[in-house]
Chemist: 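Here it is, the structure, as structure tokens.
As a basis for the values below, the full set of heavy atoms in this structure was taken, side chains included, without hydrogen atoms, waters or symmetry mates.
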Amino acid sequence: MAIQQVKFRQAAVSYLIYGCLYLAGAAYIAASGNSGRAMTSRSALVWFGVGAILVILFPWLISKSYVWFTRTLVLLVLFRAVGVVRVIVRPTIAAVPLIGGIELPMRLGAFFFLLVTLGAGYMLARAAWDLRP
């Protein structure tokens, strides 16, 4: 297997992890009622259903070495990183309640998601532009 193909497979796995973490985080925040957006159960089902489809479809497309798709996705992921930085700077809620009564400061959670987002963006860029370490 060519090195370039290995990079695309690694990028696909990275995007799958990124997508699953984001989907799980969004579902948890929505279920806790701290989303800041009013969602009916039907709109939430549609929203998370589409998200789940994308979490499956996008890694598959990346693994097929679609260069321009992957490059476009790099830009979208970096755009998402900007949104996460905005949450770090100006969080919409102070803290997210976790299991066991512990609260996680929103800024800390957003910082974790920023690291995940930048990591996925790097792996996508590494594959799309055949970057060397």
Chemist: Quick check for you: to the nearest 0.5 Å, what is the distance between Ile93 atom CD1 and Arg107 atom CZ?
Modeler: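 If we round to the nearest 0.5 Å, Ile93:CD1 and Arg107:CZ are 12.5 Å apart.
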Chemist: If a pair satisfies side chain to side chain donor-acceptor pair (under 3.5 Å) and one of its residues is in residues 66-84, list it, with sequence neighbours excluded.
Modeler: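 Pairs touching residues 66-84 that pass the test: none.
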Chemist: Transitively linked via ILVMFWY side-chain contacts under 4.5 Å: Val67 with Phe69?
Modeler: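 Yes; tracing contacts between hydrophobic side chains, which count when under 4.5 Å, links both residues.
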Chemist: Once side-chain hydrogen bond (donor to acceptor under 3.5 Å, both in side chains) is applied, do any residues pair with Gln10, and if so which ones, sequence neighbours excluded?
Modeler: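 Per chain and number, Gln10 pairs via side-chain hydrogen bond (donor to acceptor under 3.5 Å, both in side chains) with Arg126.
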Chemist: A side-chain contact here means heavy atoms from C-beta on lying under 4.5 Å apart; do Leu114 and Val85 qualify?
Modeler: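 They are in side-chain contact.
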Chemist: Where is the tightest heavy-atom contact between Ala110 and Val84, given as atom of each residue plus distance?
Modeler: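 Shortest heavy-atom separation between Ala110 and Val84 comes out as O-CG1, 3.1 Å.
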Chemist: Which heavy atom of Ala120 sits nearest a heavy atom of Ser14, and at what distance?
Modeler: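 Where Ala120 meets Ser14 most closely, the heavy atoms are CB-O, 4.3 Å.
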Chemist: Is it possible for you to say whether Leu76 and Tyr18 belong to one hydrophobic cluster, with membership spreading through side-chain heavy-atom contacts below 4.5 Å?
Modeler: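 Shared cluster, yes.
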Chemist: Excluding sequence neighbours, so at least two apart, what forms side chain to side chain contact (heavy atoms under 4.5 Å, CB included) with Val74?
Modeler: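 In terms of side chain to side chain contact (heavy atoms under 4.5 Å, CB included), with neighbours along the sequence ignored, Val74 is linked to Leu78, Leu124, Ala125, Trp129.
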Chemist: Please table the atom pairs, donor to acceptor, closer than 3.5 Å between any side-chain atom in residues 23-30 and protein atoms at least two apart or in another chain.
Modeler:
residue : atom : partner : partner atom : Å
Tyr28   : OH   : Pro97   : O            : 2.4

Chemist: How long is the span from the CD atom in Glu103 to the CG atom in Leu98, to the nearest 0.5 Å?
Modeler: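 The distance works out to 8.5 Å.
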Chemist: Under the side-chain hydrogen bond (donor to acceptor under 3.5 Å, both in side chains) test, which residues partner Thr117, sequence neighbours left out?
Modeler: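 Expected list: Tyr22.
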Chemist: Quick one: do Phe79 and Leu21 end up in the same hydrophobic cluster if we chain Ile, Leu, Val, Met, Phe, Trp and Tyr together by side-chain heavy atoms under 4.5 Å apart?
Modeler: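 No; tracing contacts between hydrophobic side chains, which count when under 4.5 Å, never links both residues.
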Chemist: Set out, in order, the CA-CA distance, both residues' side-chain angles and the distance that settles side chain to side chain contact (heavy atoms under 4.5 Å, CB included) for Ile3 and Lys7, then state yes or no.
Modeler: CA-CA 6 Å; Ile3 293 174; Lys7 288 180 182 180; 4.0 Å; yes
Chemist: For a quick test of your reading: what N or O donor-acceptor pairs under 3.5 Å do the side chains of residues 51-64 make, sequence neighbours left out?
Modeler:
residue : atom : partner : partner atom : Å
Ser63   : OG   : Pro59   : O            : 3.4
Ser63   : OG   : Trp60   : O            : 2.7

Chemist: Would a single hydrophobic cluster contain both Val89 and Val82, if residues Ile, Leu, Val, Met, Phe, Trp and Tyr are joined by side-chain heavy-atom contacts under 4.5 Å?
Modeler: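 Unlinked, Val82 and Val89 end up in two clusters.
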Chemist: Using distance alone, with no hydrogens and no angle criterion, decide if Ser65 and Gln4 have a side-chain donor and acceptor under 3.5 Å apart.
Modeler: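 Result is no, nothing qualifies.
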Chemist: Side chain to side chain contact (heavy atoms under 4.5 Å, CB included) with Leu115: which of Phe111, Phe112, Phe113?
Modeler: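 Exactly one pass, corresponding to Phe111.
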